[in-house]
Amino acid sequence: MIDFCGIELAHPVINGSGTFDAIAARRVFGEQLVERFPFSAFVSKTITLSPRPGNPAPRLWEAPAGLINSIGLPNKGLSGYLAEDLPQLAQLPVPLITNVMGSTAQEFCELVAACERRPEIAAIELNVSCPNVKTGLDIGSDPRQLEAVTQAVRGQTGKPLIIKLTPNTADVAACAAAAERGGADAVSLINTLRAMALAPGSDRPWLGGRTGGLSGPAIRAVALAQVAAVRGAVALPIIGMGGVQSPAHARDLLRAGADLVAVGTESFRDPAAAARIAAEIY
Amino acid sequence: MIDFCGIELAHPVINGSGTFDAIAARRVFGEQLVERFPFSAFVSKTITLSPRPGNPAPRLWEAPAGLINSIGLPNKGLSGYLAEDLPQLAQLPVPLITNVMGSTAQEFCELVAACERRPEIAAIELNVSCPNVKTGLDIGSDPRQLEAVTQAVRGQTGKPLIIKLTPNTADVAACAAAAERGGADAVSLINTLRAMALAPGSDRPWLGGRTGGLSGPAIRAVALAQVAAVRGAVALPIIGMGGVQSPAHARDLLRAGADLVAVGTESFRDPAAAARIAAEIY
Amino acid sequence: MSFQQAGEHTPAPFCRRLLQVTANEKVGAYRLLWALDRDAPAPLPGQFAMIAAAQGWGAGVDERPFLPRAFSIARRREDGQCAFLIEDVGPGTARLCALSPGEGLWVLGPLGRGFTPAPAGRRTILVGGGIGIAPLMILQDAILGAGAAVGSGTAAGVGVRFGADATPGESASCVALLGFRGREHAHGASLLHEPQVATDDGSVGHRGLVTDLLERHLGDESPAVVRACGPPAMLESVRAICERRDIAAELALEAGMACGYGACYGCAVPRRGGGYLRVCVDGPVVDAAELERVS
Amino acid sequence: MSFQQAGEHTPAPFCRRLLQVTANEKVGAYRLLWALDRDAPAPLPGQFAMIAAAQGWGAGVDERPFLPRAFSIARRREDGQCAFLIEDVGPGTARLCALSPGEGLWVLGPLGRGFTPAPAGRRTILVGGGIGIAPLMILQDAILGAGAAVGSGTAAGVGVRFGADATPGESASCVALLGFRGREHAHGASLLHEPQVATDDGSVGHRGLVTDLLERHLGDESPAVVRACGPPAMLESVRAICERRDIAAELALEAGMACGYGACYGCAVPRRGGGYLRVCVDGPVVDAAELERVS
Ligand SMILES: Cc1cc2nc3c(=O)[nH]c(=O)nc-3n(C[C@H](O)[C@H](O)[C@H](O)COP(=O)(O)OP(=O)(O)OC[C@H]3O[C@@H](n4cnc5c(N)ncnc54)[C@H](O)[C@@H]3O)c2cc1C
Ligand SMILES: Cc1cc2nc3c(=O)[nH]c(=O)nc-3n(C[C@H](O)[C@H](O)[C@H](O)COP(=O)(O)OP(=O)(O)OC[C@H]3O[C@@H](n4cnc5c(N)ncnc54)[C@H](O)[C@@H]3O)c2cc1C
Ligand SMILES: Cc1cc2nc3c(=O)[nH]c(=O)nc-3n(C[C@H](O)[C@H](O)[C@H](O)COP(=O)(O)O)c2cc1C
Ligand SMILES: Cc1cc2nc3c(=O)[nH]c(=O)nc-3n(C[C@H](O)[C@H](O)[C@H](O)COP(=O)(O)O)c2cc1C
Ligand code: FES
Ligand code: FES
């Protein structure tokens with residue numbers, strides 16, 4: 001058993017937000033999914049205050065050893081999530097981490113306050129890779145903003161608070177330190193790298209959302225560098241992710257300083273990838 | 001013929017700094033290299049004021065669809081370069097761009113002033129992916145510092161001045177705009193992404209220099225996004241690079257806003273890659 | 001006895017399986033790739049699998065493929081032999097088309113929602129374009145097989161779940177209308193029973209669109225339902241025709257997919273009335289009424 | 001007539017070439033991969049090539065290999081057939097070991113600096129460890145062939161440039177000392193002429209290190225030079241032995257390489273007196289005196 005911010009986990013492998021839909025997977029794979037649930041905790045996809053349909057198609061582009069996605073955070077909105085999804089996710093045999101995103105500190109507080117009231121939710125992860133409406137940059141890329149948001153949210157919850165850092169920044173260690181100062185209980189990284197593809201033979205972006213995020217093996221070495229940098233700067237538990245495909249990759253992240261490891265894109269290639277990785281992680 | 005900052009180039013494909021040693025290649029391939037020189041301009045590897053031996057071995061790690069290098073800028077230093085290399089590079093059939101790096105504005109100025117005096121040098125590229133001694137961050141990742149350095153250097157030369165931006169920043173477009181304000185004639189991007197690998201089965205970094213830079217196909221989609229972002233922010237000519245392997249990749253960068261394209265890692269797989277790409281670029 | 005519920009699906013084992021390729025047959029412009037999949041549950045016609053070669057997946061153009069690729073289960077025998085019909089259009093399909101018997105194949109599935117049987121007394125008109133004939137092969141196998149089914153839970157001789165509760169001997173009628181680019185592709189027609197063919201260049205069958213054949217068939221005969229798969233323009237045309245004539249149609253859609261089981265939200269297509277459906281879990285077979293248009 | 005200059009090299013064509021694999025022979029733990037390379041200039045013994053499979057390069061463990069790999073040219077015939085001796089130690093060598101005749105191979109080379117002939121009147125002692133025997137094969141071919149050379153510019157029957165100016169009939173003497181892990185690897189000894197073998201486990205020949213054999217040979221006989229290739233610990237041991245006895249030695253080094261032609265500065269090894277040399281252009285064969293130690 002692993003203790004992560006006071007939550008007991010059977011092994012150190014969880015999922016990356018937005019890369020596994022346990023409700024859809026249960027429909028597809030039936031009760032096997034629950035019986036052989038691959039992750040030691042389940043992270044929901046990002047929830048926003050209002051429902052979002054997501055970005056127009058196409059939403060995917062296959063890159064060398066990776067994937068660019070521009071999904072656009074489709075979700076039912078906070079109340080839809082709480083009413084429809086949460087009861088189903090509560091049936092999973094593992095603790096639930098709800099990932100939320102706002103475009104202001106105010107919105108983040110509202111989301112977190114609502115999660116605070118639901119006992120089914122074991123921990124809350126903030127996705128701060130959201131553009132600041134004024135600057136267009138990720139809120140999470142500026143240590144000052146990030147500290148302020150974390151601090152504001154911290155007041156709303158006693159549950160473990162995880163900040164999912166953005167990798168699109170000059171100094172991820174400084175951002176992690178800001179999250180720590182703001183009162184976070186843990187940080188997770190890396191989210192996808194800002195990337196783009198053009199439609200073959202044209203000068204139009206391929207993705208309906210124009211730009212997207214790069215994930216998968218292509219970013220693994222960047223993830224390792226960022227996790228090591230963050231470990232050098234903060235004492236907080238770290239959830240490391242980015243391109244993990246095998247037990248060896250997971251161990252590398254743990255050795256670089258992560259406490260848990262998340263599997264994202266590799267689950268697309270094999271839904272049971274995380275179980276395979278967890279089984280051989282030590 | 002292409003006009004790049006007043007320099008005439010036969011086609012839009014040049015090399016990335018530090019990825020082709022024309023002097024060594026001439027020894028290896030003989031006069032064929034000169035007769036069939038693949039690049040329309042030759043960019044030197046980065047030159048510093050004092051000689052540098054480079055980093056301890058190992059310096060390379062192969063990543064999925066890419067390469068991590070931690071070469072450490074070995075070079076003969078400014079005076080060694082001017083005395084020994086420049087006469088040989090001047091024999092190449094294309095214009096010469098000299099890439100320099102300092103750790104202060106003062107050092108940059110000294111390097112650029114020396115280049116200004118040599119007619120063999122057609123243009124000067126500043127590598128600003130060098131850690132600021134105080135912050136540890138790349139000088140080029142902070143728009144204010146970058147503008148100041150560019151401005152200082154601008155006073156030293158009438159030759160075309162190219163700023164090679166760092167990709168390890170939250171806002172590459174803001175950095176490009178800072179270079180433009182500082183008086184740059186062009187920008188080039190992307191340099192390598194900060195990355196790391198552990199020695200198999202250990203918790204020691206594999207690379208002698210601990211961290212390194214990721215290049216090759218793995219970063220192509222990041223390069224495209226950054227080039228498009230910079231094109232949206234400045235009117236300067238852009239040299240685009242990152243994972244170019246084929247004419248299609250080069251065209252993508254041109255369509256995203258680049259004026260020239262540089263080939264780096266792909267030259268390692270085939271020394272004549274750039275010639276192949278240039279031949280079919282339109 | 002009732003047909004299975006519309007939109008029902010066979011649950012997939014929760015793990016990709018390593019199968020062996022047993023044959024790779026050239027059929028004109030296509031390849032029919034056979035693999036032995038003994039342990040998998042019988043698919044519904046229209047369900048698909050995510051597949052990848054066990055070796056050599058990732059060394060094609062642009063260092064691709066990386067992700068598995070979606071393919072309709074095109075044929076299935078009771079012994080577990082299943083076939084995929086593949087057209088080489090890029091690095092993934094190129095690698096699959098080059099597989100030899102004995103090589104390994106990763107397969108996840110059966111996935112998605114399949115076709116539903118026509119209500120009693122209605123003909124099924126199959127409309128296929130190009131590689132879109134793949135799911136119609138297994139659907140036709142099931143419809144023709146269902147007529148002789150004896151309550152085994154699978155259509156007789158065919159390892160497919162479909163209309164298995166139909167009264168034994170009650171023969172379902174079905175016509176296949178197939179459109180191809182030209183002669184090379186039209187060889188695919190040999191994979192269906194008594195098809196009617198159209199080609200763009202007139203080299204085989206009717207010169208023109210497969211929807212010309214469809215209009216002709218809908219013109220005068222008995223009540224029918226339509227089951228279609230093909231390129232978007234063809235499907236849109238089928239959809240519009242059936243909407244105009246108020247004929248129930250099911251369309252098997254395509255979309256770029258990363259996962260095939262609802263995890264990535266990458267396979268979105270616009271749903272009538274707003275929002276998106278995920279082709280992998282809400283489809284690939286959808287009721288034409290769910291779409292405003294196919295694009 | 002004089003021998004070629006120390007450190008001379010054959011210039012390589014400025015482009016990688018697509019060759020065809022002509023044979024892939026199993027030799028114990030190794031593979032001897034033959035390809036036809038008609039247009040390339042004859043290599044010097046000790047030169048290497050950067051090679052990559054034309055298909056399936058990039059789909060191994062960790063989505064590798066990506067870059068080409070360095071291999072000694074191990075054998076070369078006058079008709080342009082050349083051989084690489086390969087040990088499967090990772091994704092690149094695994095793919096190369098699996099190549100079949102007819103498959104394509106990208107080759108860049110010959111690259112680097114080769115061995116130099118021994119001065120007149122000196123024996124050459126070849127010391128090889130494991131896969132390090134590869135460059136000694138072609139070196140021995142050249143030395144033995146050189147004895148019969150008739151000024152053709154290449155050693156007779158062997159498509160190699162080496163000591164070709166030696167007086168015809170003047171026979172060069174050469175002994176090959178080879179060390180292996182065990183029996184499986186010791187099969188490699190069959191690739192050299194009259195080798196003396198040591199194995200770690202004593203399963204073949206002397207039980208112990210190849211350097212034991214070297215010390216024995218240096219003990220009592222006529223003046224010699226040493227030419228060695230093998231794992232770093234062995235090379236360091238050879239270097240130290242030769243330094244102590246003041247015997248000229250050339251060592252063929254290895255280092256991780258991205259390019260093989262001096263472009264990446266990745267293949268650095270420390271040079272005696274400070275700084276680094278690039279194995280690909282300053283080596284792979286270096287005078288032992290250039291190194292403080294091999295690590
Ligand atoms: C449910 C379903 C069932 C299917 N059934 C079959 C079947 O039975 N038989 C069959 O042959 N095919 C079938 N397909 C289509 C098949 O999945 C695709 O042809 C296949 O994925 C193509 O892969 P590729 O690597 O060969 O080519 P890719 O190059 O990946 O795809 C070809 C097309 O994708 C786009 N594209 C190009 N580059 C990229 C990139 N880097 N990233 C993303 N998109 C890109 C372009 O539009 C291009 O034309 C089905 C698809 C679905 C969704
Ligand atoms: C001049 C020269 C001549 C050579 N001649 C021969 C020859 O004749 N025959 C022969 O068999 N070999 C020869 N080699 C060695 C050969 O080049 C290597 O064995 C080969 O490159 C290994 O590639 P791989 O993909 O199989 O294994 P890799 O996994 O690439 O390499 C194996 C070793 O590299 C390290 N490594 C592991 N992962 C990585 C990574 N991701 N990036 C970088 N390093 C990693 C580890 O130390 C591992 O043990 C020669 C090398 C040189 C430099
Ligand atoms: C299709 C897709 C959707 C994602 N959606 C989210 C999301 O909703 N919220 C979030 O915080 N991260 C999201 N991510 C990022 C992943 O959680 C993870 O940080 C990233 O993919 C790196 O891990 P990987 O390389 O293992 O995929 C998404 C990634 C992918 C590929
Ligand atoms: C081995 C290696 C050495 C490099 N050295 C330098 C350098 O000295 N100065 C510099 O500005 N960029 C250097 N770069 C960065 C390249 O010029 C280029 O920006 C980067 O590799 C991306 O292009 P690519 O993906 O085509 O290689 C180096 C890259 C590599 C791989
Ligand atoms: S393919 Fe991933 S959700 Fe449909
Ligand atoms: S391998 Fe690139 S410089 Fe030697």
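Every heavy atom of this structure was used, including side-chain atoms; hydrogens, water molecules and symmetry mates were not. Each chain gets a letter, A, B and so on, in the order the sequences are listed, and its residues count up from 1.
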Heavy-atom pair with the smallest gap, counting every atom of R278(C) and A24(A): NH1-CB, 3.8 Å
Checking heavy atoms, do the side chain of P58(A), its backbone, both or neither come under 4.5 Å from chain C? neither
Is it the side chain or the backbone of Q245(A) that comes within 4.5 Å of chain C heavy atoms, both, or neither? side chain
Using non-hydrogen atoms and a 4.5 Å limit, figure out which bit of L108(C) sits close to chain A: side chain, backbone, both or neither. side chain
Just give me the residue among A52(C), A258(C), G256(C) that pairs up with chain A most often, heavy atom to heavy atom, under 4.5 Å. A258(C)
Answer with side chain, backbone, both or neither: which region of R69(C) has an atom nearer than 4.5 Å to a non-hydrogen atom of chain A? side chain
Heavy-atom distance under 4.5 Å to chain C: side chain of P51(A), backbone, both or neither? neither
For C15(C) and R36(A), work out which heavy atoms get closest and say how close. CB-NH2, 4.2 Å
Is it the side chain or the backbone of S267(A) that comes within 4.5 Å of chain C heavy atoms, both, or neither? both
Under a 4.5 Å heavy-atom cutoff, which of A255(C), G262(C), G58(C) has the most pairs with chain A? G262(C)
Engaged part of N15(A) at the chain C interface, taking heavy atoms whose separation is under 4.5 Å: neither
Counting only heavy atoms not in R210(A), do more than 12 fall under 6.0 Å of its CZ? no
Heavy-atom pairs under 4.5 Å with chain C, option from G216(A), G264(A), G66(A), P38(A) with the top count: G66(A)
Please name the residue in the list T19(A), L60(A), D21(A), N69(A) that meets the side chain to side chain contact (heavy atoms under 4.5 Å, CB included) test with C264(C). L60(A)
Output the option from C280(C), G274(C), G266(C) having the highest count of non-hydrogen pairs under 4.5 Å with chain A. G266(C)
Using heavy-atom distances under 4.5 Å, tell me whether Y265(C) contacts chain A through its side chain, its backbone, both, or neither. both
Residue Q32(A) excluded, over 12 heavy atoms near CD under 6.0 Å: yes
Closest non-hydrogen contact found for A57(A) with A268(C) is CB-O, 3.5 Å
Looking only at heavy atoms, the pair that brings P56(A) and Y276(C) closest together is CA-OH, 3.1 Å
Exam field: side chain R269(A) to backbone F66(C), donor-acceptor pair closer than 3.5 Å: yes
Can any side-chain N or O of E63(C) pair as donor or acceptor with the backbone N or O of A65(A) at less than 3.5 Å? no
Would you say F268(A) and P68(C) make side-chain contact, with heavy atoms under 4.5 Å? no
Under 3.5 Å, is there a donor-acceptor pair between the side chain of E62(A) and the main chain of P65(C)? no
Measuring from atom SG of C259(C) to atom CG of D270(A), what distance do you get when rounded to the nearest 0.5 angstrom? 12.0 Å
